[in-house]
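Some notes on the structure that comes next.
What you are looking at is a predicted structure, and each value in this text was computed from that prediction instead of being measured.
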Amino acid sequence: MKTIIFLNARAGAGRVPRHFEALAPLLRERFGDYRLVVTTEATEVEAHLASAAGEGYDTVIAVGGDGTNRVLVNAMRQTGRDFVFGTLPLGTGADWARGLGMPTDPQAATRWLARAEVRAVDLGRVTIDGESSLFLNVAGAGLSGEVSRRVNSAKARRPWSYLLATVGALLQSSPPRMRVSLDGEAWYEGDACVLAVGNGRIFGRGMKICPDAIINDGLFDVVLVEGKSKLELLPALPTLFKGTHIERDDVHVRRARHVLVEALGAALDVDMDGESGRGRRVEFDILPGALPMLVDPSAEVIAG
């Protein structure tokens, strides 16, 4: 492999560069004399990738969190080259890595990555009022979009930022009204607290929103939580971390290739791997096997 590593200097509240120094020897053992690119802005990534593609690099490793993964996945698609992708989770959320079963300890995660094998995994595409981008893990509409907006607008992200933002959104906001269609068929209409469209299983720093999702089955796991009163929603929050919320009567679960969400009131807050957006018509499409990725083939999220 000829490897380029992108290190997001802003991920993990700016602690990533310091942690990375201790991991460099382990990475060289597996990936040789890689090129290291340290970035602070997403706009810097595409030019570096285009240059790497022209010089024969074939493997990209993202060092950061879920937002870093999303930036690189979108930039790789723009180059037109099928880079092998790997992730080293040193960011605040790192929910994609959690879903893969990667250890949370940085050195253990690096050893996990060194043993990983290439498998083709699915990607998601989200289109908000006609503007499209890719996501790797989980996207959705409703209060999860507001949570992402709150976290991203904070001065600094901390391990507890997602939980505080979730509680704040539940207490201070009302579930939006939406119409949801799956693969062209009407599925749900009404108030919805959360609509999650999962390629991966986990979002919000540890919430197992789509606990049965498989990352290479060509399908999204779609989980919708009906709009309820605040007194009903807050006690149910711990079930999200256990993945047992899908057993509730007010939670609906389906699998689909295409998801259409239409706002029936105000525009919808949208979440894409921790990044936020807003729109009235939101579509999600699965791109089967679109990304060659370094994974553990025995992980629960891998089929076959």
Walk me through it: do K208 and R201 pass the test side chain to side chain contact (heavy atoms under 4.5 Å, CB included)?
CA-CA 6 Å; K208 299 177 181 177; R201 296 185 173 189; 5.9 Å; no
Give every residue pair that meets the ring-ring contact (aromatic ring centres under 6.0 Å, His included) criterion with at least one member in residues 95-140, sequence neighbours excluded.
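Only F135-F220 qualify under ring-ring contact (aromatic ring centres under 6.0 Å, His included).
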Quick one: which residue pairs count as a ring-ring contact (aromatic ring centres under 6.0 Å, His included) with a foot in residues 178-200, not counting sequence neighbours?
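Listed once each, the pairs are Y188-H252.
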Min side-chain heavy-atom separation [X]-[Y] under 4.5 Å:
{"X": "L134", "Y": "L287", "result": "yes"}
{"X": "I209", "Y": "V138", "result": "yes"}
{"X": "L100", "Y": "V295", "result": "yes"}
{"X": "L268", "Y": "M178", "result": "yes"}
{"X": "V194", "Y": "V223", "result": "no"}
{"X": "E189", "Y": "V180", "result": "no"}
{"X": "L7", "Y": "V37", "result": "no"}

Of the non-hydrogen atoms in [X] and [Y], which two are nearest, and what is the gap between them?
{"X": "P106", "Y": "L88", "result": "O-CD1, 4.4 Å"}
{"X": "H245", "Y": "T239", "result": "CB-OG1, 3.4 Å"}
{"X": "T40", "Y": "A9", "result": "CG2-CB, 4.0 Å"}

Set of residues satisfying ring pair (Phe, Tyr, Trp, His ring centres under 6.0 Å) with respect to [X], sequence neighbours excluded:
{"X": "F6", "value": "none"}
{"X": "F20", "value": "none"}
{"X": "H48", "value": "none"}

Run through R177, R280, R281 and flag the one making a salt bridge (charged side-chain N to carboxylate O under 4.0 Å, His left out) with E262.
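The salt bridge (charged side-chain N to carboxylate O under 4.0 Å, His left out) with E262 is passed solely by R281 among R177, R280, R281.
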Carboxylate-amine/guanidinium proximity below 4.0 Å for K2 and E55:
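Here K2 does not pair with E55 in a salt bridge, since their nearest N and O are not under 4.0 Å apart.
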Please enumerate all residues that pass salt bridge (Lys or Arg N to Asp or Glu O under 4.0 Å) together with [X], with sequence neighbours excluded.
{"X": "R125", "result": "D285"}
{"X": "D273", "result": "none"}
{"X": "R70", "result": "none"}
{"X": "E29", "result": "none"}

Could you go step by step and tell me if N69 and T87 meet the side-chain hydrogen bond (donor to acceptor under 3.5 Å, both in side chains) rule?
CA-CA 7 Å; N69 291 341; T87 182; 3.0 Å; yes
A108: what forms a side chain to side chain contact (heavy atoms under 4.5 Å, CB included) with it, not counting sequence neighbours?
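Residues passing side chain to side chain contact (heavy atoms under 4.5 Å, CB included) with A108: P103, D105, R111.
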side-chain contact (heavy atoms from CB on, under 4.5 Å) partner of V282, chosen from D129, L260, V270:
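Among D129, L260, V270, the one that satisfies the side-chain contact (heavy atoms from CB on, under 4.5 Å) with V282 is V270.
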Atom CG in L113, atom CG in D296: separation rounded to 0.5 Å?
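If I round to the nearest 0.5 Å, the distance is 11.5 Å.
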Report all side-chain donor-acceptor pairs from residues 115-122 shorter than 3.5 Å, counting only partners two or more places apart or in another chain.
from	atom 1	to	atom 2	distance (Å)
E117	OE1	R119	NH1	3.4
E117	OE1	R119	NH2	3.1
D122	OD1	G289	N	2.8
D122	OD2	D217	N	3.2
D122	OD2	G218	N	2.7

Tell me the salt bridge (Lys or Arg N to Asp or Glu O under 4.0 Å) pairs involving residues 235-250, sequence neighbours left out?
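Listed by first then second residue: R248-D250.
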